[in-house]
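First the proteins, then the strands, lettered A, B, ... as listed; each starts at 1.
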4 protein chains.
Amino acid sequence: MTDDGQRPPARTRRLPRAVRERQILDAAVQVFSRHGYHAASMDEVSDVAGVSKPMIYAYLGAKEDLFAKCIGREAARLLEAVRTGVHAELPPDMQLWHGLRAFYRFVAEHREAWTVLHRQALTVGGQFAGEVNALRKRAIDLVAALVVSAGTRQGLGEAAEFSGPALAVALVGAAESLADWWLDHPDVSDGVLASWLMNLVWLGFNDLVEGKVWRPQ
Amino acid sequence: MTDDGQRPPARTRRLPRAVRERQILDAAVQVFSRHGYHAASMDEVSDVAGVSKPMIYAYLGAKEDLFAKCIGREAARLLEAVRTGVHAELPPDMQLWHGLRAFYRFVAEHREAWTVLHRQALTVGGQFAGEVNALRKRAIDLVAALVVSAGTRQGLGEAAEFSGPALAVALVGAAESLADWWLDHPDVSDGVLASWLMNLVWLGFNDLVEGKVWRPQ
Amino acid sequence: MTDDGQRPPARTRRLPRAVRERQILDAAVQVFSRHGYHAASMDEVSDVAGVSKPMIYAYLGAKEDLFAKCIGREAARLLEAVRTGVHAELPPDMQLWHGLRAFYRFVAEHREAWTVLHRQALTVGGQFAGEVNALRKRAIDLVAALVVSAGTRQGLGEAAEFSGPALAVALVGAAESLADWWLDHPDVSDGVLASWLMNLVWLGFNDLVEGKVWRPQ
Amino acid sequence: MTDDGQRPPARTRRLPRAVRERQILDAAVQVFSRHGYHAASMDEVSDVAGVSKPMIYAYLGAKEDLFAKCIGREAARLLEAVRTGVHAELPPDMQLWHGLRAFYRFVAEHREAWTVLHRQALTVGGQFAGEVNALRKRAIDLVAALVVSAGTRQGLGEAAEFSGPALAVALVGAAESLADWWLDHPDVSDGVLASWLMNLVWLGFNDLVEGKVWRPQ
DNA sequence: AATGAATGAGATTTCATTCAT
DNA sequence: AATGAATGAAATCTCATTCAT
């Protein structure tokens with residue numbers, strides 16, 4: 001709907017720096033999401049942005065910097081979206097549910113950003129592990145906090161069958177995996193998607209809280 | 001003890017083709033796992049393999065082919081490992097549990113293969129989606145079959161709160177995510193890891209089967 | 001105390017043209033002396049000068065012109081310094097001695113200018129040979145005149161063992177070489193430096209004048 | 001007369017590495033001597049060498065390495081030439097004379113090498129000071145040793161009017177300067193050139209040894 | 001008078017790929 | 001069967017220079 005840099009922005013001239021920077025970042029996210037860090041070329045970024053290469057280097061630095069700035073911006077956006085979606089005054093399960101919905105809405109509305117964050121950032125030899133893992137870690141911590149708060153509230157101790165962080169990791173992985181799946185099945189609403197996960201995870205989690213345990217055999 | 005291609009294999013001469021091919025593939029997996037598809041160089045592969053570049057091209061084709069063959073071989077190995085681990089005569093939950101353990105054992109024993117399959121193959125812009133997604137799909141289908149068989153056995157229809165494939169996707173994602181997490185927390189046994197997932201997923205799944213449902217509010 | 005262009009001159013505005021030109025030239029000499037003609041960048045010059053690049057082009061022309069103007073200004077300064085130092089009414093040896101002292105004083109006080117003149121101007125493939133060689137030639141001619149005047153005064157003809165111009169060239173080379181050496185041994189006074197040269201050259205020269213000659217064997 | 005890489009060597013194919021390396025170095029010396037380090041382009045080197053750029057990088061490394069190797073090779077050659085020319089069993093003055101002649105012969109026969117060593121290597125911001133200064137220092141030390149040996153042999157102490165190292169520096173500078181001058185006056189023989197210098201320097205030096213001194217006024 | 005914004009052109013360097021032996 | 005030698009093509013990045021305000 002809004003102009004997100006899909007088409008070369010008509011090669012407008014003499015824009016203020018902030019605007020150009022946004023244009024370039026938009027283009028870069030697009031290109032990186034399509035090809036990944038290494039296969040993306042600065043030439044394509046400059047084409048898509050409708051700006052000559054020297055501007056990119058002048059404003060955003062070398063390719064690595066550019067990528068890092070993409071990651072940084074989109075990570076901040078995603079986190080902000082989730083944070084706004086969660087309502088801290090609600091009970092844990094509702095917080096989780098709203099958070100998931102916000103996450104899926106973001107993925108739906110910013111497919112490219114999500115692709116860059118989820119797929120492309122992993123491949124660059126730990127070079128950008130910092131940026132992305134920080135995001136992931138924050139997400140996991142957030143979930144872990146919810147889980148633990150819910151758990152302790154209901155008297156769940158530290159059991160062999162359960163590990164807060166690991167559970168959070170698994171949940172985040174499941175959520176991400178579903179997000180990817182969703183990209184190819186867009187006919188499901190974000191609410192349904194979130195419900196599925198809640199039904200899978202929350203019910204199981206509640207069983208644990210109540211002392212039910214699955215054991216081999 | 002086992003030759004994993006760590007050291008250049010002493011530049012032996014006149015080996016039968018099959019052996020050379022294995023040498024090269026081993027080296028390629030190693031190099032791709034370290035740098036990813038694009039950043040990996042054929043020069044490094046040839047160095048690590050202790051084989052000249054023309055041999056690589058003669059035996060395994062261009063870089064793309066080489067990568068595809070890496071993916072193919074490791075995917076087959078992983079699938080084989082899981083298939084061998086699962087005992088089809090057991091009840092679904094035990095099948096799932098054994099499958100997960102086999103999966104984690106494979107990851108532990110073939111970190112490089114897992115890295116190539118999980119991380120590096122994603123970045124190449126859908127070029128190798130075929131190879132990897134096929135594997136993933138087979139894994140998901142396998143899980144989905146288990147889930148559905150268990151579900152139908154207990155009379156669960158197609159409810160709004162539930163989707164077999166999506167459940168499988170989520171489960172696979174959770175398993176993968178935990179695998180990654182495990183790489184940094186190697187002091188947990190594969191059995192424990194698998195148990196965590198079972199407790200998270202299976203219990204929740206059972207609730208669904210029994211008609212329990214989580215709903216917002 | 002003196003403004004040597006060390007710090008960006010605070011980006012003052014609306015200065016008269018002559019002042020701006022001096023600012024820019026000072027900066028340019030500094031930058032050229034640090035990096036040489038090719039490695040110097042107009043960006044750095046503009047930064048150091050505290051003036052935008054378009055001003056440089058407007059006032060002093062393209063990079064080549066700028067360099068030529070640097071050379072020209074510093075060459076004129078050096079010549080002026082030497083000319084002022086020499087007292088034409090003195091006998092040749094004293095003229096030479098005072099000239100050398102003036103030269104070394106200039107080098108000490110304008111290291112950057114000297115660097116640009118001596119080192120950087122040589123590398124630009126004869127492009128600025130004109131400017132610099134003119135200076136050098138004037139210096140050599142000046143010395144040669146002294147030498148010849150002293151020689152003819154004492155009846156020295158054109159001998160095989162002697163060539164006025166060549167002697168001058170050698171003397172100038174020795175003086176330059178000592179100047180460079182001096183940059184790393186600043187604890188010697190300009191008088192001492194000049195004395196060394198006089199003792200080396202003048203004595204030898206006098207011997208020649210008197211008919212003494214060194215011959216192989 | 002001999003093929004020194006003047007013309008592209010007919011693009012011969014599949015030469016052994018050592019030969020190619022020599023070809024490339026020859027071309028590089030030529031190009032660097034024409035344009036200096038910065039203005040020289042790897043493209044031109046590759047053209048002149050009759051070899052594609054990748055070969056240059058494969059065999060001799062990046063531009064900096066290439067330049068350093070040029071300097072290194074030519075410095076070694078020059079030193080070798082001088083060393084061979086000097087006959088250590090002769091008295092100091094004859095050693096100096098033969099050394100100078102050898103030096104001028106080298107300059108005459110390897111103008112390009114001399115240009116690279118003398119002019120171009122100075123401009124590269126001290127980056128190659130190591131290589132070149134080492135050479136210069138060795139030359140100066142060699143001269144200084146001669147001077148000192150001659151001086152002490154005749155009882156000259158450390159006087160204010162005299163400094164061994166400084167004298168050597170001056171002499172080397174004079175020799176270099178004459179070498180440059182010679183490039184434009186090739187009708188003088190190397191013997192004559194060397195004689196001039198000997199007459200200028202050695203006589204003056206002998207005066208000093210004998211206690212004669214020039215003093216201002 | 002002065003400059004932020006902008007770029008065409010060209011530099012170095014790397015890589016996948018193939019001959020010729 | 002095996003490889004050292006070789007390259008076309010393309011990537012990243014920089015710089016001198018100018019426009020539009």
Between B/E64 and B/Y37 the two heavy atoms that sit nearest each other are CG-OH, 3.1 Å

Check your understanding: Is any NZ, NE, NH1 or NH2 atom of the basic residue among D/K53 and D/D47 found under 4.0 Å from an Asp or Glu carboxylate oxygen of the other?
Key -> no

Taken to the nearest whole Å, CE/A/M55 to P/E/dA6 is 5 Å

Closest to the side chain of B/S52, out of E/dT7, F/dT3, E/dA6, is F/dT3

Whole-Å distance, D/D47 CG to F/dG8 C1', equals 14 Å

Across all chains, not counting sequence neighbours, the side-chain hydrogen bond (donor to acceptor under 3.5 Å, both in side chains) partners of B/K69 are none

side-chain contact (heavy atoms from CB on, under 4.5 Å) filter on C/A62, not counting sequence neighbours, yields C/Y57, C/D65

Hits for side-chain hydrogen bond (donor to acceptor under 3.5 Å, both in side chains) against A/R17, two or more places apart or cross-chain, chain-then-number order -> A/E21

Taking for C/Y59 and for A/R17 the nucleotide of DNA chain E with the nearest heavy atom, the one nearer the 5' end belongs to C/Y59

Reading nucleotides 16-21 of chain F from 5' to 3' and marking B where a protein heavy atom lies under 4.0 Å of the base, S where only the sugar-phosphate is that close, and - otherwise, the string is SBBBBS

**Asked** When you check the gap from the basic side-chain N to the acidic O, do A/R34 and A/E112 get nearer than 4.0 Å?
**Response** no

Those residues at least two apart in sequence (or on a different chain) that pass side-chain contact (heavy atoms from CB on, under 4.5 Å) with B/M55 are B/R20, B/V51, B/S52, B/Y59

Between CG of A/L66 and C1' of F/dA11 the distance, given in whole Å, is 15 Å

In whole angstroms, the gap separating C1' of F/dA6 from CD of D/Q23 amounts to 13 Å

To the nearest angstrom, the CD1-P distance between B/I56 and F/dA1 comes to 16 Å

Min side-chain heavy-atom separation C/F32-C/T115 under 4.5 Å:
no

Whole-Å distance, D/R20 CZ to F/dT7 C1', equals 11 Å

Taken to the nearest whole Å, CD1/B/I24 to C1'/E/dA16 is 16 Å

The salt bridge (Lys or Arg N to Asp or Glu O under 4.0 Å) partners of A/R77 (sequence neighbours excluded) come to A/E74

Writing each nucleotide of DNA chain F 5' to 3' as (, ), [, ], | or . by Watson-Crick or G-U pairing under 3.5 Å yields .||||||||||||||||||||

